[in-house]
Amino acid sequence: MAGVISHMNTFTIKDLENLSGIKAHTIRIWEQRYGLLSPQRSKTNIRHYSNVELKAILNIALLNKYGYKISRIDKMTPEEMQQKIAMLSQSEAQQEKLINDLVGAMVDANIDHFESLLEEHIRAKGVEKAILKTIFPFLEKVGILWLTNHINPAQEHLATNVIRQKLILGIEGLRMVPENRNPILLFLPEGEHHEVGLLFLHYLLKSRGHKVYYLGANVPLKDVEFIVNAKNIPVLFTHLTSVAPNFNFEKFTINAHNRMPDRRILISGLVAQQYTKKVPPSIHICKSLHEVMDFFGIPRSAE
């Protein structure tokens with residue numbers, strides 16, 4: 001299966017830039033001067049890169065970032081590169097290596113390897129640190145691929161469903177903390193099915209004594225309004241990753257405000273970040289996970 005799916009993936013030089021942090025013009029220079037990558041070219045001479053080359057550039061970028069000159073990397077075999085990466089002592093380097101390995105396992109649809117990497121990391125670091133330091137950066141990279149349609153959605157779903165399972169286990173495993181704070185409702189609107197960001201916030205809030213009403217994915221606003229009024233919930237949160245094509249963000253915010261004008265409605269995620277117009281007074285757009293954590297008084301020490 002992995003071989004069949006992996007051949008479907010071709011990445012542009014822009015994808016490689018976004019994923020590796022290496023500028024496209026630098027990648028081109030490395031190609032021409034050192035022959036580090038061998039892209040296929042379309043009839044219109046546009047470069048296309050395979051899974052193998054994506055994983056190679058991630059490794060090259062990591063070694064280059066942590067002190068290895070490109071002329072030295074050029075002389076290394078793939079096995080030597082892996083050995084050098086394993087020997088990097090900086091914790092940040094090992095964190096980045098893990099994220100790269102997760103990306104590689106996903107694009108190869110090697111879901112057993114993906115899950116074993118994740119399980120080992122959670123055992124070592126705990127759910128919270130694993131998610132903050134590794135899973136969110138990984139999902140940001142996956143988000144780039146998702147938006148440029150250079151990944152088969154099946155691969156993205158395989159990976160995020162593993163993450164989803166780990167988060168649910170983490171939430172279930174929390175010891176009960178006395179609920180001493182205002183209740184919060186978490187939901188995703190109709191057409192949005194990417195639950196991972198929402199589940200992680202559920203974990204953070206529950207672990208800190210909040211009463212959480214979790215409605216989950218694809219929920220009509222009338223149902224959200226019903227629960228909010230029935231339980232007198234002052235704050236709502238939703239996270240928009242990849243909504244349906246017919247989703248209208250402006251219409252959604254106006255409708256949510258009109259139905260619940262006296263509630264605070266927080267919205268995060270890529271869709272919200274890219275919105276530039278003014279929003280109704282009850283709506284608060286969070287540009288990052290840090291902003292969400294700050295709003296709820298979750299200390300940064302959690303990281």
Side-chain angles (χ1 to χ4, degrees), residues 1-65 70 73-74 76-82 85 96-115 117-118 134-163 193-194 196 241-245 269-271 274:
M1 178 181 170
V4 174
I5 292 185
S6 66
H7 290 310
M8 294 173 64
N9 286 337
T10 58
F11 304 98
T12 66
I13 199 162
K14 191 67 181 171
D15 293 328
L16 266 60
E17 176 180 291
N18 285 333
L19 286 161
S20 68
I22 304 296
K23 294 291 183 190
H25 71 86
T26 304
I27 294 173
R28 288 192 194 98
I29 291 167
W30 288 358
E31 274 176 30
Q32 291 159 7
R33 192 172 297 169
Y34 302 104
L36 286 167
L37 302 171
S38 304
Q40 300 293 312
R41 289 180 184 270
S42 69
K43 289 176 183 177
T44 52
N45 208 31
I46 294 172
R47 291 170 170 83
H48 291 287
Y49 301 83
S50 69
N51 293 10
V52 173
E53 282 151 339
L54 167 63
K55 291 183 286 184
I57 195 68
L58 292 174
N59 287 336
I60 292 163
L62 187 58
L63 286 171
N64 187 240
K65 181 177 177 179
I70 198 70
I73 297 170
D74 176 45
M76 295 180 191
T77 65
E79 292 73 26
E80 284 174 311
M81 276 194 213
Q82 289 295 343
I85 288 169
E96 289 180 48
K97 177 189 182 298
L98 176 60
I99 293 165
N100 290 349
D101 289 346
L102 289 168
V103 171
M106 185 192 64
V107 297
D108 287 341
N110 188 346
I111 210 64
D112 291 338
H113 183 48
F114 184 93
E115 186 160 14
L117 283 169
L118 203 52
T134 305
I135 299 306
F136 264 84
F138 164 78
L139 290 170
E140 285 176 351
K141 290 192 173 189
V142 174
I144 293 163
L145 298 178
W146 176 270
L147 290 171
T148 51
N149 294 317
H150 290 138
I151 182 167
N152 184 307
Q155 290 157 295
E156 188 260 356
H157 289 307
L158 284 170
T160 53
N161 277 329
V162 170
I163 296 168
H193 297 272
H194 290 70
V196 171
T241 303
S242 175
V243 290
L270 204 58
V271 177
Q274 292 172 343

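What you see below is based on every heavy atom in this structure, not just the backbone, and it leaves out hydrogens, waters and symmetry mates.
- Closest heavy-atom contact between Ile70 and Ile60: CD1-CG2, 3.5 Å.
- Residue Gly104 comes nearest to Lys55 through the heavy atom pair CA-CD, 3.7 Å, listed as atom of the first residue, atom of the second, then distance.
- Considering every non-hydrogen atom in both Tyr34 and Asp74, the closest pair reads O-OD1, 3.1 Å.
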Let me see the working for Thr160 and Phe138 under side-chain contact (heavy atoms from CB on, under 4.5 Å), right down to the final yes or no. CA-CA 10 Å; Thr160 53; Phe138 164 78; 5.5 Å; no
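- Between Glu96 atom CD and Lys65 atom NZ the span is 3.5 Å, to the nearest 0.5 Å.
- Taken from CG in Leu16 to CD in Glu31, the straight-line distance is 8.5 Å, to the nearest 0.5 Å.
- The backbone N or O of Leu37 lies less than 3.5 Å from no partner atom in the side chain of Glu53, so there is not a single donor-acceptor pair.
- A pairwise comparison of heavy atoms in Met76 and Glu80 identifies CA-OE1, 3.3 Å as the closest pair.
- We find the CD1-CZ distance between Ile22 and Arg28 to be 14.0 Å, quoted to the nearest 0.5 Å.
- Proximity of a side-chain donor or acceptor of Asn59 to a complementary backbone N or O of Ala56 within less than 3.5 Å is not detected.
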Check step by step if side-chain contact (heavy atoms from CB on, under 4.5 Å) holds for Arg41 and Arg47. CA-CA 5 Å; Arg41 289 180 184 270; Arg47 291 170 170 83; 3.4 Å; yes
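- In this structure, Glu17 CD and Lys23 NZ are separated by 5.0 Å, a value rounded to the nearest 0.5 Å.
- Checking side-chain atoms of Gln155 against main-chain N and O of Val107 turns up a donor-acceptor pair under 3.5 Å.
- For the pair Ile111 and Ala159, the tightest heavy-atom approach, listed with the atom from each and the gap, is CD1-N, 3.7 Å.
- Residues Asn100 and Leu58 come closest through the heavy atom pair ND2-O, 3.4 Å.
- Taking CG of Leu62 as the start and NZ of Lys97 as the end, the distance is 9.0 Å to the nearest 0.5 Å.
- Within the model, atoms CZ of Phe11 and CG of Asn18 stand 12.0 Å from one another, a figure rounded to the nearest 0.5 Å.
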Check the pair Ile73 / Met81 against side-chain contact (heavy atoms from CB on, under 4.5 Å), numbers first and verdict last. CA-CA 7 Å; Ile73 297 170; Met81 276 194 213; 3.9 Å; yes
Assess the residue pair Ile57 and Leu19 against the criterion (side-chain contact (heavy atoms from CB on, under 4.5 Å)); give the C-alpha distance rounded to whole Å, side-chain angles, the decisive distance to 0.1 Å, and a yes or no. CA-CA 9 Å; Ile57 195 68; Leu19 286 161; over 6 Å; no
